[in-house]
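Single-structure report; data block below.
All values derive from a computational prediction rather than experimental measurement.
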Amino acid sequence: MSNRIDFFQSAQTKLTLPGAMVSVLFDGALCPELVVMEVVRSGWPEFSWARLAYNPATQQDANWMPAEQVETKFAMGKSICIRQIYNSTPPGAATFSLSIFEGHIEGIETRLDSNSENIEIIAKDFSATLSRITVYGQRITGSDDTTLFLAGMDTIFNADGKANASLSQAEVNGKSYTVFCAEASQSRFFSLAEIIDYLLCEYLPVGCLQTPKIEQLRALTENQSIRDLDVTGLNLLEALHHCCERAGLKFKFAPRLDETGPRQAIIFYKNDTGRVVELDCQQRGKQLSTSMTNIATISSKKNFWPVTHKYIGQGDFKVYEATFELVKAWDPADEDTDYEKFSPSTNPDFYKVKDVYRKWCLNEAGDYSNAPYNQGEAFGFSKIFQSNNFVRRRRFWPSLSTDKNRKSLGYFLQVSYDGINWWQYLHAFNNILDECGIWLSSDQLDVDTWIAALKGVLRFRITASVVSDERLICEIADGPVGSAAPVVRHIIMLPRQFKFRKVSGQSIFANDSDGTLGVPDEVDDSAALYEFVRHKAIASSEIIETAKIQTLSLVFDYRVGDRISTSPQSRDLLSCRSDNRSTCRIERVQMDFQKQCTNLKIVRQRNV
């Protein structure tokens, strides 16, 4: 006698499966004359939609309604809810339902012939509503904690690489979120999470869509910032897609389970973070068992692999501030002691000597190295750029150092009248645009400058910025480089989003503790560029295989973003077990109610 009890599960070999049961609610009321044909779940740009057929035969005492009356009854914008019916927990005899689709009527398709009238209704999720909302203007915070919406402003976050977000959140129509700030001295940079939150809060009516909290968005975007993001004129759906591309995110819309509040929610997610579902196909040569197989058909297309993809992100050219001593840029043979000769108001032939004592240049291209100028070798930027430079003409740009009001010091020109001490030059001068240099533009040179020039001790130096030859660059590869595997290079040009500005050690304001100066306008987006390129590489990693799978029966529970696995007893048709460098996930779900099956589009993508 033994106390052991053995449990067995019978092998299921029957092909007949019960039809899936769903109910359709039209504008909140049960609507049996609408029959579900198919429901599709997808991401950008398709998202989720459903096709339903009008069939009055499902009702008692059914009267056929002409097409023109159907369009009146099932008006555009009315809500459609498709709910899955299931039994309650025993021993109860009740049934419950679970929403598998929420949307609104977006179109009606009618086909009329001599024998029949076929009317189908197309319903789409909340993505259709977002595609009709245009993003424009800015909501600006005021000094008294009030806000004002300026419709004429461009919706550009961190425009020109400068901060334009409010220091604290504003309360608008019961919602609290970060808005724009007009005062640069009271601004900070928008983060990607705050940009997404602003778009959702500013342009969506209250209570129509469940949105994530700002803390969740910060975690998903890893609190990244971005510069010069312009979404003016885009619809809200496109604007959100632009933001998600920068953060390596995707988003979709799904029905909510709660009976109160919005009926749909927007869900932001990353690739390869979805739940794991199992798709199995039993070994060949055995009797079909629905316990071991849930795949009816499969077709796949594999691409050439392995190939290494190298992503090269390029930001703007690097900018450095330094102090440059200038050299004489005129022919010494034109010098004279006649004071009146070098003034345009007293000399009609001034154009012949206009550069004498007035034009001072850096000689970065060697234009003034040879006779008659003889100003020595071309200026080298290697100590400033910290790399070799290409000898060519450049120009000066305003300095990065600022005053107490965070305004640039501009072109900070200094003069020496004795060849030793320096004073700020307070007279008029022009910045030359086709080379690094200045031109003294006063009608007559001041007496101090004139005397110092005659004595040969006049010197000028300028503190300004110069654009280097090197861009801010980041490189990320998803495989071996320098091996037998071919390498495909992808260049990502983002000069407006990623900047590098630095006050070099050659500037007189470097590490200056002078209390009259403000914080220099320095920026280093190297880390931000790396994160962007990394997310881009993950999102754009090579698709090794695309497969289309049809299940044995209609299954409601597959979702976009689900990862695929197989049991040890199953055939490894999608290489889930044999390839640990790639991940299979669901890209599209089509629930076919006519054929009572679910069609899945699955991609196998290389991990980065």
Side-chain angles (χ1 to χ4, degrees), residues 44 156-163 189-196 217-218 220-231 234 238-251 268-273 306-320 385-390 400 465-483 485-502 521-543 581 583 605-608:
W44 168 270
I156 306 178
F157 300 92
N158 303 328
D160 297 324
K162 300 185 183 300
F189 284 100
F190 273 103
S191 67
L192 268 173
E194 289 169 335
I195 294 174
I196 295 173
L217 292 174
R218 286 197 179 104
L220 283 169
T221 60
E222 299 175 4
N223 209 26
Q224 295 180 64
S225 293
I226 191 168
R227 300 178 187 277
D228 209 67
L229 179 63
D230 188 355
V231 294
L234 301 179
E238 293 170 335
L240 290 173
H241 178 63
H242 272 52
C243 295
C244 289
E245 273 192 320
R246 302 294 172 85
L249 296 179
K250 292 187 176 182
F251 66 98
F268 295 89
Y269 65 97
K270 292 183 177 181
N271 280 341
D272 306 329
T273 57
V307 175
T308 296
H309 291 263
K310 188 175 183 180
Y311 299 87
I312 304 173
Q314 296 187 352
D316 204 355
F317 286 99
K318 295 182 178 181
V319 178
Y320 294 88
F385 296 163
Q386 300 174 355
S387 62
N388 294 329
N389 66 282
F390 177 69
L400 304 178
S465 299
V466 175
V467 179
S468 73
D469 303 314
E470 182 183 4
R471 288 183 181 271
L472 188 65
I473 293 180
C474 173
E475 298 180 358
I476 292 180
D478 63 1
V481 177
S483 66
V487 178
V488 179
R489 291 171 173 82
H490 304 272
I491 307 298
I492 308 170
M493 297 290 293
L494 295 165
R496 297 178 63 184
Q497 281 76 37
F498 301 99
K499 309 281 187 179
F500 182 93
R501 298 189 294 268
K502 181 181 179 181
D521 184 25
E522 293 182 308
V523 62
D524 184 357
D525 289 334
S526 300
L529 179 61
Y530 171 81
E531 289 299 322
F532 174 82
V533 176
R534 183 175 68 87
H535 288 308
K536 186 73 173 179
I538 293 173
S540 306
S541 60
E542 183 180 15
I543 294 178
R581 290 208 59 192
T583 302
Q605 200 164 17
R606 188 172 185 173
N607 300 330
V608 177

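Contacts classified as salt bridge (charged side-chain N to carboxylate O under 4.0 Å, His left out) and involving residues 220-229 (residues at least two apart or in different chains) are given here: Glu222-Lys270, Glu222-Arg534, Arg227-Asp525, Asp228-Arg496.
Counting non-hydrogen atoms of neighbouring residues, nucleotides and ligands closer than 6.0 angstrom, the OH atom of Tyr269 exceeds 12 such neighbours.
Between His535 and Gln224, some side-chain heavy-atom pair lies under the 4.5 Å cut-off. Leu217 has its side chain within reach of Phe268: a pair of non-hydrogen atoms, C-beta onward, lies under 4.5 Å apart. Proximity of Arg489 to Glu475: side-chain heavy atoms (C-beta onward) are nowhere separated by under 4.5 Å. Inter-residue side-chain proximity for Lys536 and His490 is flagged as unmet; no heavy-atom pair is nearer than 4.5 Å. The shortest distance between side-chain heavy atoms of Glu194 and Arg218 falls below 4.5 Å. With a 4.5 Å cut-off on side-chain heavy atoms, Ile312 and Gln314 count as touching.
Note: Ser526 OG to Phe498 CZ = 10.5 Å, rounded to the nearest 0.5 Å. Rounding to the nearest 0.5 Å places SG of Cys243 at 6.5 Å from CZ of Phe157. The CD atom of Gln497 lies 10.5 Å from the CG atom of Asn158; values are rounded to the nearest 0.5 Å. Between the CD atom of Glu531 and the CD1 atom of Ile226 there is a distance of 12.5 Å, given to the nearest 0.5 Å. From Ile196, atom CD1 reaches atom CG of Leu240 across 7.0 Å, with rounding to the nearest 0.5 Å. Residue Asp521 holds its CG atom at 15.0 Å from NZ of Lys502, rounded to the nearest 0.5 Å.
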Evaluation steps, side chain to side chain contact (heavy atoms under 4.5 Å, CB included), between Lys250 and Asn271: CA-CA 8 Å; Lys250 292 187 176 182; Asn271 280 341; 3.6 Å; yes

Residue pair His241, Phe251: steps toward the side chain to side chain contact (heavy atoms under 4.5 Å, CB included) verdict: CA-CA 8 Å; His241 178 63; Phe251 66 98; 4.2 Å; yes

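Heavy-atom minimum distance, Ile476 versus Ala537: CG2-CB, 4.4 Å. In this structure, Pro480 and Val487 approach most closely via the heavy-atom pair O-CG2, 4.3 Å. The two residues Phe532 and Ile492 have their closest heavy-atom pair at CE2-CG2, 3.8 Å. Scanning all heavy atoms of the two residues, the minimum distance from Lys162 to Phe189 falls at C-CE2, 3.7 Å. When all heavy atoms of Leu400 and Val319 are compared, the closest pair comes out as CD1-O, 4.4 Å. Closest approach of Gly313 to Leu529, counting heavy atoms only: O-CD2, 3.7 Å.
In this structure Glu470 satisfies the salt bridge (Lys or Arg N to Asp or Glu O under 4.0 Å) test together with Lys318, sequence neighbours excluded. In this structure Phe385 satisfies the ring-ring contact (aromatic ring centres under 6.0 Å, His included) test together with Tyr320, Phe381, sequence neighbours excluded.
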